[in-house]
Amino acid sequence: MQQYAAVIVDISHESVDRPFSYKIPEELTGEVKIGSCVKVPFGKGNKLINGYVVELTDHVSLPDEKLKQIDSLVIKQDAVEGKMIALAAWMKKQYGSTMIHALKTVLPAKKTYQQKEKKTIELLLTQEDAESFLTECIRKHQCAKERLLRELIKETVLDYRLVTQKLHVASSTITSLVKAGVVTVKSENYFRNPIIAGKVQEKDKQLNEEQQVIIDTFSRDYENGIRKTYLIHGVTGSGKTEVYIRMIQKVIEKGRQAIVLIPEIALSYQTVMRFYHHFGQRVSILNSSLSEGEKFDQCERAKRGEIDVIIGPRSALFTPFPNLGLIVIDEEHENTYKSENVPKYHARETGLALAAMHGASVVLGSATPSVESYFRAKNGEFKLFKLTKRAVASQLPHVYTVDLRKELKEGNRLIFSRKLQELIADRLAKNEQTMLFLNRRGYAGFLSCRACGHVMKCPHCDVSLSEHKNGKLICHYCGYESRRPDVCPVCGSKYLLSFRAGTEQIEEQLKKLFPAARVLRMDGDTTKKKDSYEKILSSFSNKEADILVGTQMIVKGHDFPDVTLVGIIAADLSLAANDYRAGERTFQLLTQAAGRAGRGNRQGEVVIQTYQPKHYSITYAAKQDYEGFYEEEMTYRELSSYPPACHILAVMVSGKDEEATRKRAQDLTENLGGLHVIGPAPAGISRINDYYRFVFYIKEKDKEILFRARDDMEQEEAEREKKEITVQFDFDPMTSY
Ligand code: ADP
Ligand code: ZN
Ligand code: ZN
């Protein structure tokens with residue numbers, strides 16, 4: 001019998017730490033739910049104020065006579081707060097976290113913010129003068145100026161931040177245009193939309209047949225009160241965004257609002273502007289460059305009904321719209337939709353739960369849908385649509401698969417196969433651009449002894465140190481650094497061998513092979529500084545370089561029409577990861593990377609270098625055959641009981657004392673009765689920062705059983721006195737531990 005309620009009296013991030021306990025009066029038992037708005041006596045004078053119920057319990061630590069009682073239930077029509085609290089409760093149950101953590105995730109951080117300056121760029125020239133200035137820029141190959149001018153001719157006033165961050169125009173370029181009297185920069189001290197609205201109304205495109213089918217079905221369902229989850233499987237450029245926009249229009253017509261989730265890295269200037277042209281001031285953007293205060297402001301605007309659409313990464317899901325009608329999740333297969341922090345929620349699953357609370361629909365879109373979503377679509381749980389053609393005719397790239405074993409046998413010891421070398425040379429001659437792509441940073445060169453085989457490892461973590469060009473060995477997990485030793489610390493041999501096939505080494509070899517080529521590198525090391533990511537992309541799109549070398553970061557979003565060659569250096573690298581999603585991730589990465597080639601009107605080419613040319617992830621990616629891949633992958637998931645055939649709970653136990661930690665993990669598994677447990681075993685990285693890590697997995701078709709097992713373990717943890725060992729849970733993990 002749950003007769004007590006934890007109530008927060010102020011809906012903000014900070015006060016969720018201090019819920020107050022109240023007794024539920026008899027006549028209200030059963031009526032008071034998580035998320036209910038209640039009137040409670042508060043403070044010395046017992047003034048009645050509104051609060052929200054965040055938890056129901058059957059016991060409290062205070063004696064009954066000290067407890068105050070809930071006065072009454074407040075019936076609020078638009079209690080969006082109540083829905084957010086109910087969502088937090090759902091997250092707590094699904095992902096195992098505390099209610100406080102869950103509440104902090106869904107409620108906006110209330111920050112007193114300073115009014116920020118809002119800068120805009122305005123064109124000073126007449127349309128005619130602007131056109132001739134543009135011609136001048138094109139003649140002088142001033143790409144950044146050209147890009148800005150083109151946009152200004154269309155819009156006349158642009159948001160400063162949008163121009164520097166998304167259009168990749170440096171502030172020095174803008175300053176020089178100001179000096180030349182071409183534009184002026186204005187700043188206003190007000191705090192509204194982080195981006196100003198475009199003035200142009202985009203004319204609606206005539207939808208093609210496949211798009212029309214989706215819109216017709218969606219509209220019919222919506223009119224009839226049918227709320228569903230729709231999955232659009234459509235190749236890149238097939239017009240998914242166009243479809244989202246029409247759906248959002250439909251929902252807005254009905255007086256409701258929409259949330260659009262897009263991985264931040266894919267939120268390009270073009271995408272932002274398209275939404276602006278349709279929804280003007282009624283759309284807002286959330287991204288990581290907004291301050292906490294600005295984010296809070298967006299939430300306030302949403303609550304007050306000033307906006308209809310919000311676009312942003314995962315956390316945009318928690319925008320408190322009073323009458324949410326639609327959630328769009330673009331690139332739904334993306335790993336970034338799963339949070340790495342507690343609660344380790346998945347935005348897709350959480351979005352589905354939120355939509356159910358609001359009676360809203362959900363649209364998922366991807367060129368390479370997650371195996372989970374496709375499975376649910378095939379089961380009939382989601383409605384599946386396909387967009388099979390690019391909306392604006394352009395050819396799919398030609399793909400070559402190169403067997404690296406054969407290269408080596410035939411005497412080529414370089415990182416680049418002969419085919420790739422030949423095509424790079426060809427692109428350099430034609431002044432077209434190339435992107436070279438390495439799946440993983442962590443691979444970057446470890447150092448080992450050729451005499452005794454000793455591998456240089458971090459003294460605090462169970463990982464090999466990476467050798468960097470400056471002669472340092474660095475641990476990518478804890479940041480530990482040491483000098484490269486001259487001799488082996490174990491046997492004293494001076495023959496140390498480095499396996500450096502990181503992005504740095506690719507860059508070095510390129511410079512040797514093609515001394516005249518201008519090469520840019522983008523990886524975790526070159527993008528540590530704020531904005532450096534945008535800077536590298538902008539200089540590449542300004543054609544200040546011929547070749548861009550990078551990790552998966554370069555795969556997403558931005559269109560570079562002059563890129564006609566994409567090289568994947570070692571496609572197998574991401575297969576080596578020892579988790580069940582490795583095949584899926586490899587297929588997605590390869591397919592998306594290949595999609596980077598030939599976006600303009602020239603045919604693109606792709607070279608996939610691999611040691612496993614017969615691996616199904618690689619062969620299907622080369623053929624761009626999603627169905628084929630899915631069928632094969634699903635067979636494997638069924639056989640080994642992996643999601644979506646089954647659910648998995650990962651339990652990570654970590655502590656400083658290796659034996660005690662191992663024993664704790666062992667004890668936990670022994671209490672699990674008849675469940676299907678794998679492990680415990682040392683985690684993939686068995687030690688980080690001197691903490692030993694043991695992991696075990698529980699597989700189970702019925703997720704409620706997993707939740708119960710987790711709740712029992714949590715309960716047990718809460719009752720333990722010694723806290724040197726921590727236990728963390730991850731439901732349907734996206735990464736391996
Ligand atoms: P996706 O989101 O699937 O990558 P987009 O919606 O961005 O695809 O469409 C790709 C390009 O095709 C965009 O430039 C878009 O304006 C254009 N486009 C989309 N639908 C149509 C259509 N029905 N007619 C003409 N152009 C279209
Ligand atoms: Zn040695
Ligand atoms: Zn370390």
Side-chain angles (χ1 to χ4, degrees), residues 147 150-151 154-155 166-167 198 200-219 230-250 258-279 283 285 309 311-313 326-334 337 362-370 373-374 377 384-397 541 555-563 566 588 591-602 604 624 626:
R147 259 202 320 278
R150 278 191 199 283
E151 294 306 321
K154 280 188 262 171
E155 316 273 341
K166 291 288 177 199
L167 203 53
V200 188
Q201 271 296 316
E202 194 163 299
K203 269 232 310 273
D204 277 349
K205 293 188 176 63
Q206 179 75 37
L207 295 183
N208 63 37
E209 220 169 289
E210 290 180 323
Q211 290 172 317
Q212 194 63 52
V213 169
I214 303 179
I215 291 301
D216 289 347
T217 313
F218 176 80
S219 303
Y230 306 87
L231 172 63
I232 305 177
H233 173 208
V235 296
T236 318
S238 59
K240 294 187 291 296
T241 308
E242 201 59 39
V243 170
Y244 305 150
I245 288 172
R246 300 299 176 96
M247 291 174 158
I248 295 167
Q249 276 171 344
K250 178 84 200 166
I259 293 171
V260 182
L261 301 187
I262 293 182
E264 176 146 13
I265 213 161
L267 197 56
S268 65
Y269 175 85
Q270 276 76 14
T271 310
V272 174
M273 280 329 255
R274 273 170 81 186
F275 280 91
Y276 268 100
H277 287 156
H278 279 94
F279 306 109
V283 60
I285 311 279
V309 187
I311 307 175
L326 179 67
I327 299 172
V328 175
I329 305 181
D330 192 31
E331 312 276 359
E332 65 87 31
H333 64 278
E334 272 291 321
Y337 284 129
V362 178
V363 183
L364 311 173
S366 173
T368 51
S370 64
S373 294
Y374 209 70
L384 180 64
F385 291 114
K386 293 194 183 197
L387 293 174
T388 54
K389 299 179 282 287
R390 285 196 169 165
V392 181
S394 76
Q395 287 167 310
L396 286 171
S541 74
V555 175
K556 294 285 141 53
H558 310 263
D559 272 353
F560 300 107
D562 288 317
V563 172
V566 167
Q588 287 163 350
T591 311
Q592 305 262 353
R596 299 282 96 197
R599 283 304 187 79
N601 35 28
R602 279 163 293 192
Q624 309 256 319
Y626 179 84

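Note that ligands are numbered from 1 as they come in the structure, with each ligand's atoms numbered from 1 the same way. Hydrogens, waters and symmetry mates are skipped; everything else that's a heavy atom, side chains included, is used.
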Test F218 against V243 for side chain to side chain contact (heavy atoms under 4.5 Å, CB included), laying out the working first.
-> CA-CA 10 Å; F218 176 80; V243 170; over 6 Å; no

Should you measure from each heavy atom of [X], which atoms of ligand 1 turn up under 4.0 Å away?
| X | result |
| --- | --- |
| Q206 | 22 (C), 23 (N), 24 (N) |
| Q211 | 19 (C), 20 (N), 22 (C), 23 (N) |
| G239 | 1 (P), 3 (O), 5 (P), 6 (O), 8 (O), 9 (O), 19 (C) |
| N208 | 23 (N) |

Going from NZ on K205 to CZ on R246, what distance comes out if it is rounded to the nearest 0.5 angstrom?
->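 Spacing of NZ (K205) from CZ (R246) equals 8.5 Å.
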
Nearest 0.5 Å please: distance from the CZ atom of F385 over to the CG atom of L364.
->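 Rounded to the nearest 0.5 Å, the CZ-CG separation comes to 12.0 Å.
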
With side chain to side chain contact (heavy atoms under 4.5 Å, CB included) as the test, would you mind laying out the steps for D330 and V260 before giving the verdict?
-> CA-CA 7 Å; D330 192 31; V260 182; 5.6 Å; no

So F275 and I285, side chain to side chain contact (heavy atoms under 4.5 Å, CB included) or not? Walk me through it.
-> CA-CA 10 Å; F275 280 91; I285 311 279; over 6 Å; no

Side chain, backbone, both or neither: T241 near ligand 1, heavy atoms under 4.0 Å |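 Looking at T241 and ligand 1, atoms from backbone and side chain both fall under 4.0 Å.
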
Go through Q592 and H333 one step at a time and tell me if the side chain to side chain contact (heavy atoms under 4.5 Å, CB included) criterion holds.
-> CA-CA 11 Å; Q592 305 262 353; H333 64 278; 3.1 Å; yes

Best match, E242, R274, K240: closest heavy atom to atom 7 (O) of ligand 1 =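 Nearest heavy atom to atom 7 (O) of ligand 1 lies in R274.
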
Applying a strict 4.0 Å limit to heavy atoms, is G234 in contact with ligand 1?
->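 No, G234 has no heavy atom closer than 4.0 Å to ligand 1.
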
Is the closest heavy-atom distance from R390 to ligand 1 below 4.0 Å?
->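 Outside the 4.0 Å threshold, so no.
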
